[in-house]
Amino acid sequence: MYAETEPGAAAERTAFRRAEKQYKLYKPPSRKGRSNSRSRGKPAGGGGGGDLSAVVDFHALLAAGGGELPAGIRRCDRAGFHLPVFCFLDRPGFYFIPGALSTEEQCYWIRESLKTFPQPPNRTNLTATYGPIFDLLIAAKNQKILVEVESSSGKPRDEQNNVGENAHPGKFNFVDGSEIQKGERPKSTTAAALVRKLRRWSTLGLQFDWSKRNYDVSLPHNKIPDDLAALAKKMAVPAMPFGEEFAAEAAIVNYYGPSDMLGGHVDDMEADWTKPIVSISLGCKCIFLLGGKTRDEAPTPMFLRSGDIVLMAGEARERFHGVPRIFTEGDQQDISGLVSELSDDDDRFILDYIHNSRININIRQVY
């Protein structure tokens, strides 16, 4: 996963890094590699499922009703905003909205994240390797294979203006497995594998240049979908200056597999930090770390579940944050509603995906 990390051994000594290691889900040892005593599902230093006693659970706090809140946490409900909001007294600008989205809304945005958001001109982490890829989810459902498109002369078909109705601009094309002739060894990968390789990101609206760490207005792009912009505008209210409205101009969609993590980083590329990042969680539960303005400050861990929304504005924009772990496989009680809602045959691929994946849509006002 994309992460900003501190170079060298100094990173290992910071409080933020120690927290990441405490909660990180380690991969199982490779059969060919050296033996490793850590097994899948066991964070460093933890036995069984690891010690999660310090992780803040806002859903549990909400379920407790009018009970006394832990020290440093308070309700930050805002007039005219109908959902409960929590915040930390020592971390101004951070707002947590538990269960902000209904199950139906969550399923809608999961489908959009896999079907619509990776569509060109939106760029993904696959674009640099394969060029624009259209209809990836449909191809995965239909068990298609992406192959390098070449003519009999060995040149890419698109160079000869002979791409055919199923070919896409660029060097690759989805085909049925039966279309690959016996004895051929084209460069290929299954569409289903490509969905899993969509581990990092898809960019909506203004396109973010990861190498230069800025927004490149010269890149082709569509505006943020109207329904996503409307959702972000509505959910941003608790963090917005009074009398102002949030205007969605860009979004980054992060895709997490079973052992993926997002290292500690600061989101600082937008012009006006008084406007929040609106961050939507979908799929498997994760641990989110909210730290300080340096990595030396110990972060606060909290659970993020499907349908939760986090807002980070003002001073919170200067704080390091990250995701060291998502919960998959045996930890499925939190997505039981999604499993029921995605029971149709048409959603089978999406259901299989979401059993072991998390999606995060974070929407930004750039200017």
Side-chain angles (χ1 to χ4, degrees), residues 1 3 12 14-28 36-65 67-74 84 86-91 94-100 106 254 256-265 279-292 295 297-310 312 319-339 354-360:
M1 291 295 295
E12 299 297 318
T14 65
F16 199 99
R17 180 57 179 157
R18 288 195 294 271
E20 288 180 319
K21 292 181 70 175
Q22 176 183 352
Y23 294 111
K24 181 180 178 181
L25 182 70
Y26 286 90
K27 295 181 180 180
N36 189 329
S37 62
R38 291 178 183 140
S39 62
R40 189 173 192 167
K42 184 182 292 186
D51 182 5
L52 304 177
S53 60
V55 183
V56 178
D57 188 340
F58 285 106
H59 282 255
L61 298 182
L62 186 62
E68 184 176 351
L69 294 174
I73 297 176
R74 66 182 178 90
F86 291 92
C87 57
F88 295 100
L89 294 175
D90 62 346
R91 284 163 166 75
F94 178 86
Y95 303 86
F96 193 109
I97 312 172
Q106 294 169 47
N254 293 116
Y256 296 77
S259 58
D260 287 338
M261 65 174 292
L262 182 65
H265 67 285
S279 180
I280 303 170
S281 289
L282 301 166
C284 290
K285 179 176 68 177
C286 77
I287 290 178
F288 177 79
L289 299 178
L290 177 65
R295 290 184 175 89
E297 184 175 335
T300 298
M302 64 198 81
F303 290 121
L304 271 174
R305 293 180 172 84
S306 192
D308 292 343
I309 289 180
V310 159
M312 297 182 71
R319 293 183 176 274
F320 283 88
H321 57 279
V323 175
R325 181 184 180 185
I326 74 167
F327 294 82
T328 62
E329 298 175 352
D331 303 287
Q332 296 295 308
Q333 65 271 21
D334 290 302
I335 62 168
S336 58
L338 300 180
V339 172
I354 213 64
H355 266 300
N356 290 285
S357 304
R358 174 180 182 260
I359 298 172
N360 170 236

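Excluded from the calculations below are hydrogen atoms, water molecules and symmetry mates; all remaining heavy atoms, backbone and side chain alike, are included.
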* **Residues that Ala100 engages under side-chain contact (heavy atoms from CB on, under 4.5 Å), provided they are two or more places apart** => Leu83, Ile97, Met235, Ile309
* Structure fact -> Between Thr14 and Arg295 the two heavy atoms that sit nearest each other are CB-O, 3.4 Å
* Looking at CG of Asp334 and CG of Leu304, how far apart are the two atoms once the value is rounded to the nearest 0.5 Å? -> 11.5 Å
* Asked: With side chains defined as the heavy atoms from C-beta onward, is the minimum distance between His321 and Pro299 less than 4.5 Å?
  -> no
* To do: Verify, without hydrogens or angle tests, whether Gln106 (side chain) and Leu338 (backbone) share a donor-acceptor contact under 3.5 angstrom.
  => no
* Roughly how far, to the nearest 0.5 Å, is CG of Asp57 from CG of Leu62? -> 10.0 Å
* Report yes if the side chains of Ser281 and Arg305 come closer than 4.5 Å at any heavy-atom pair, otherwise no. => no
* **Close side-chain approach of His355 to Val339, heavy-atom, < 4.5 Å** => yes
* Asked: Any donor-acceptor pair under 3.5 Å linking the side chain of Asn360 with the backbone of Ile280?
  -> yes
* If the plane angle is over 60° it's perpendicular, under 30° parallel, otherwise tilted; pick one for Phe88 and Phe58. => perpendicular
* Structure fact -> Tightest non-hydrogen contact, residues Pro84 and Pro98, listed as O-CD, 3.6 Å
* Asked: Heavy atoms, side chains only, cut-off 4.5 Å: are Leu289 and Arg325 in contact?
  -> no
* Asked: How many angstroms lie between CZ in Phe96 and CZ in Phe288, if you round to the nearest 0.5 Å?
  -> 9.0 Å
* Okay, side chain of His265, backbone of Phe320: is any donor-acceptor separation there less than 3.5 Å? -> no
* Determine, using ring centers only, whether Phe303 and Tyr23 are less than 6.0 Å apart. => no
* Asked: Within the distance-only criterion (no hydrogens, no angle test), does the side chain of Arg319 pair as donor or acceptor with the backbone N or O of Gly291 below 3.5 angstrom?
  -> yes
* Structure fact -> Those residues at least two apart in sequence (or on a different chain) that pass salt bridge (Lys or Arg N to Asp or Glu O under 4.0 Å) with Arg91 are Glu297
* **Gap between atom SG of Cys284 and atom CD1 of Ile359 - 0.5 Å precision** => 10.0 Å
* Would Asp308 and Lys285 pass as an ion pair if we require N to O under 4.0 Å? -> no
* To do: Work out which heavy atom in Ile326 is nearest to a heavy atom in Gly257; give both atom names and the distance.
  => CD1-O, 3.2 Å
* Minimum heavy-atom distance between Pro324 and Glu20, given as atom pair plus value -> CB-O, 3.8 Å
* Asked: Got Met302 and Ile73 here, is their nearest side-chain heavy-atom distance under 4.5 Å?
  -> no
* Taking atom SG of Cys286 and atom CG of Asp260, what is their separation to the nearest 0.5 Å? -> 12.0 Å
* Can you list the steps and then say if Leu69 with Phe86 is a side chain to side chain contact (heavy atoms under 4.5 Å, CB included)? -> CA-CA 10 Å; Leu69 294 174; Phe86 291 92; 3.9 Å; yes
* Is any side-chain heavy atom of Phe327 closer than 4.5 Å to a side-chain heavy atom of Leu52? -> yes
